Amino acid sequence: MKFEILHKDESTNARAGIIETTRGKIETPVFMPVGTQGTVKALSPEDLTDAGAQIILSNTYHLYLRPGHETVNKLGGLHKFMNWSRPVLTDSGGYQVYSLAKLRKITQDGVTFQSHIDGSRHFLGPRESMAIQKALGSDIVMAFDECAPYPADYEYVHNSVKLTSKWAKVCLDQELGEGQNLFGIVQGGMYSDLREMSAKELVEMDFPGYALGGLSVGEESDIRERVISETVQFLPDNKPRYLMGVGKPEDILEAVILGVDMFDCVMPTRNARNGSLFTDSGRLVIKNAAYIEDSAPVDENCGCYTCRNYSRAYLRHLFMANELLAYRLNSIHNIYYYIHFMDRIKNAIKDNKLLEFKKEFYKLRS
RNA sequence: GGAGAGGUUCCCGAGUGGUCAAAGGGAGCAGACUGUAAAUCUGCCGGCUAAGCCUUCGGAGGUUCAAAUCCUCCCCUCUCCA
């Protein structure tokens with residue numbers, strides 16, 4: 001994997017670059033749609049490429065439980081299995097340590113999960129996570145970390161950072177497949193010194209890319225931005241930086257300004273399924289009665305398949321009637337919005353106009 | 001014509017003397033979703049000059065301190081038999 005910065009914005013820390021993987025190039029800043037179970041919910045791979053997706057996310061824990069990584073491997077790996085030939089990044093299962101907190105127990109060696117599907121017990125540690133991700137054949141492999149909750153006291157987070165560093169080293173020692181690249185994940189909660197410690201320990205290990213984990217867990221956006229900026233300063237300039245799980249368009253914009261290159265979030269797809277559509281003037285809740293007879297598209301300026309062909313009134317009808325097409329059309333729009341939002345940010349960086357873009361962005365939604 | 005069942009707040013449907021503005025569901029209205037246990041979850045859902053009052057349980061009348069609940073008559077639905 002190769003990462004090259006093509007341009008740096010003059011007035012912010014934003015960068016526009018390109019990641020080269022064996023499965024193709026990824027222009028950054030990039031948004032990666034989330035396809036936890038080997039599918040971006042409601043969308044086909046064609047829908048994703050049409051919307052401009054360059055890389056998608058998938059998940060170690062979920063694919064391990066179902067259908068099983070060995071099964072996926074026997075069927076030719078995740079890309080072939082799901083008919084997606086562009087790059088895939090797999091999360092390690094570290095987020096499930098947080099999201100499935102009630103169903104797991106952490107030890108020094110890893111985490112014992114009780115399956116949310118059938119209650120059976122499964123051990124997932126750094127070795128297991130690497131082996132699973134190797135079998136899946138993803139292009140970017142995430143280290144197995146502990147995503148700490150928020151709020152959490154200093155001692156808890158301190159231990160969490162030490163554990164994450166210990167596991168990161170184990171991950172690094174595991175053999176991966178051809179073309180696979182392992183990213184380390186910085187933890188440290190909202191504590192500046194722990195973020196610094198975590199970042200330095202991981203940078204010492206020399207990963208091809210670094211992620212900021214443990215954010216978007218309920219903290220205020222100003223706290224998040226503080227942590228991002230405090231963390232990024234300890235990360236090498238010439239490696240991609242990935243902010244995990246963030247977020248709203250405005251959150252992403254702020255993080256790009258602070259020097260982040262990669263993002264993922266369930267928000268565009270989940271909100272689409274719940275009737276909330278992203279536009280430059282804010283979120284449009286398609287189920288609102290205001291759109292019953294509205295013949296306009298969701299967003300007049302949007303070039304997505306949904307906006308080119310369907311009215312708000314029709315989308316509202318599909319949603320209210322629980323029609324399956326609603327999920328697909330809404331998801332197409334939101335994913336397109338996010339991806340093109342990143343394109344506009346990227347172009348603004350190349351033109352040294354990111355701050356102007358930001359100003360215009362907030363003006364439109366007020 | 002005979003026998004039976006029933007009419008409850010937008011809909012379905014509980015409730016058979018006071019704890020009933022009336023369970024529950026649906027529909028509707030609004031909100032939340034941040035490395036997906038999410039096509040999920042939450043709130044509202046008769047009116048008002050609101051810790052109180054007013055109107056409501058097919059219609060009219062009556063019994064009672066008190067009626068969606070008991071009585072009388074009327075109207076209307078449905079099922080079965082002829």
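Naming convention: chains lettered A, B, ... in sequence-line order (proteins, then strands); numbering from 1 in each chain. All figures in this text were calculated on a predicted structure; none of them were measured in a lab.
The side chain of A:Ala289 lies closest to B:A30, out of B:U34, B:G35, B:A30. Taking only side-chain atoms of A:Arg316, from C-beta outward, the nucleotide of B:C29, B:G35, B:U34 with the closest atom is B:C29. Residue A:Val266 places its side chain closer to B:G35 than to any other of B:A37, B:A39, B:G35. When distances run from any side-chain atom of A:Tyr327 to the nucleotides B:G35, B:A30, B:A39, the shortest one goes to B:A39.
For the pair A:Arg66 CZ and B:U36 P, the computed distance is 15 Å after rounding to whole Å. If you measure from atom CD1 of A:Ile117 to atom P of B:U36, you get 14 Å, rounded to the nearest angstrom. Here the C1' atom of nucleotide B:C33 and the CG atom of A:Asn271 are 5 Å apart, to the nearest Å. Atom CD of A:Gln37 and atom C1' of B:A39 are 13 Å apart (whole Å). One atom, CZ of A:Phe319, and another, P of B:G31, lie 12 Å apart when rounded to the nearest Å. Nucleotide B:G35 holds its P atom 10 Å from the CG atom of A:Leu243, rounded to whole Å. In this structure, A:Arg273 atom CZ and B:U40 atom C1' are separated by 9 Å, rounded to whole Å. At whole-Å resolution of the value, CG in A:Asn274 and P in B:U36 are 16 Å apart.
Between the side chain of A:Asn59 and the base of B:G35, no donor-acceptor pair under 3.5 Å is found. Counting distance only, with no hydrogens placed and no angle test, the side-chain atoms of A:Lys287 and the base atoms of B:G31 include a donor-acceptor pair under 3.5 Å.
With a cut-off of 3.5 Å on both Watson-Crick or G-U wobble distances, the partner of B:U79 is given as B:A3. Applying the Watson-Crick and G-U wobble criteria (two distances, each under 3.5 Å), B:U16 pairs with nothing in any strand. Base pairing analysis places B:A67 opposite nothing; no Watson-Crick or G-U wobble pair with both distances below 3.5 Å involves it. B:C73 is paired with B:G59 under the criterion used here, namely a Watson-Crick or G-U wobble arrangement in which both key atom distances are under 3.5 Å. Pairing for B:A22 is absent, judged as Watson-Crick or G-U wobble with the two contacts each under 3.5 Å. Of all nucleotides present, only B:G28 satisfies the Watson-Crick or G-U wobble test against B:C44, with each distance under 3.5 Å. Under the Watson-Crick and G-U wobble criteria, each requiring two contacts below 3.5 Å, nucleotide B:C33 is left unpaired.
Rounded to the nearest Å, the gap between the C1' atom of B:C45 and that of B:A27 is 11 Å. Spacing of P atoms, B:U40 relative to B:G25, comes out at 15 Å, to the nearest Å. Using atom P as the reference point in both B:G31 and B:C76, the two lie 47 Å apart (nearest Å). B:A3 and B:G28: their P atoms are spaced 45 Å apart (whole Å). The same atom, C1', is picked in B:U63 and in B:C71; the two are 7 Å apart, to the nearest Å. B:G13 and B:G17 have their P atoms separated by 22 Å, given to the nearest Å. Here, B:A67 and B:U19 have their C1' atoms 16 Å apart, quoted to the whole Å. Between B:A68 and B:G4, the distance separating the two C1' atoms is 23 Å to the nearest Å.
One finds no side-chain N or O of A:Arg283 lying less than 4.0 angstrom from the OP1 or OP2 phosphate oxygen of B:A32. Between A:Gln96 and B:A37 there is a side-chain N or O to OP1 or OP2 distance below 4.0 Å. Using a 4.0 Å cut-off, no side-chain N or O of A:Thr36 falls inside it from OP1 or OP2 of B:G35. Taking side-chain N and O atoms only, A:Ser216 has no distance below 4.0 Å to OP1 or OP2 of B:U34. Distances shorter than 4.0 Å separate some side-chain N or O of A:Asn288 from OP1 or OP2 on B:G31.
A:Met267 is not listed as a side-chain neighbour of A:Val34, based on a closest heavy-atom distance of 4.5 Å or more.
At most 12 heavy atoms of other shown residues, nucleotides or ligands fall within 6.0 angstrom of atom CD in A:Glu155.
Between A:Asp237 and A:Lys8 there is a salt bridge, since a side-chain N of the basic residue sits under 4.0 Å from a carboxylate O of the acidic one. A salt bridge links A:Asp343 with A:Lys346; the closest basic N to acidic carboxylate O contact falls under 4.0 Å. Checked for salt-bridge contact, A:Lys200 and A:Glu204 miss the test: no charged N lies under 4.0 Å from a carboxylate O. Ion pairing of A:Asp280 with A:Arg344 is present here, as a side-chain N (NZ or NE/NH1/NH2) and a carboxylate O approach within less than 4.0 Å.
A donor atom on one side chain and an acceptor atom on the other are not found under 3.5 Å apart for A:Lys102 and A:Gln114.
Contact annotation for A:Gly214: base contact, defined as any heavy-atom pair under 4.0 Å involving a base atom.
Comparing A:Arg270 and A:Glu146 along RNA chain B, the residue whose closest nucleotide (by nearest heavy atom) sits nearer the 5' end is A:Glu146.
Judged purely by atom type and a 3.5 angstrom limit, A:Asn309 uses its side chain to pair as donor or acceptor with the backbone of A:Tyr305.
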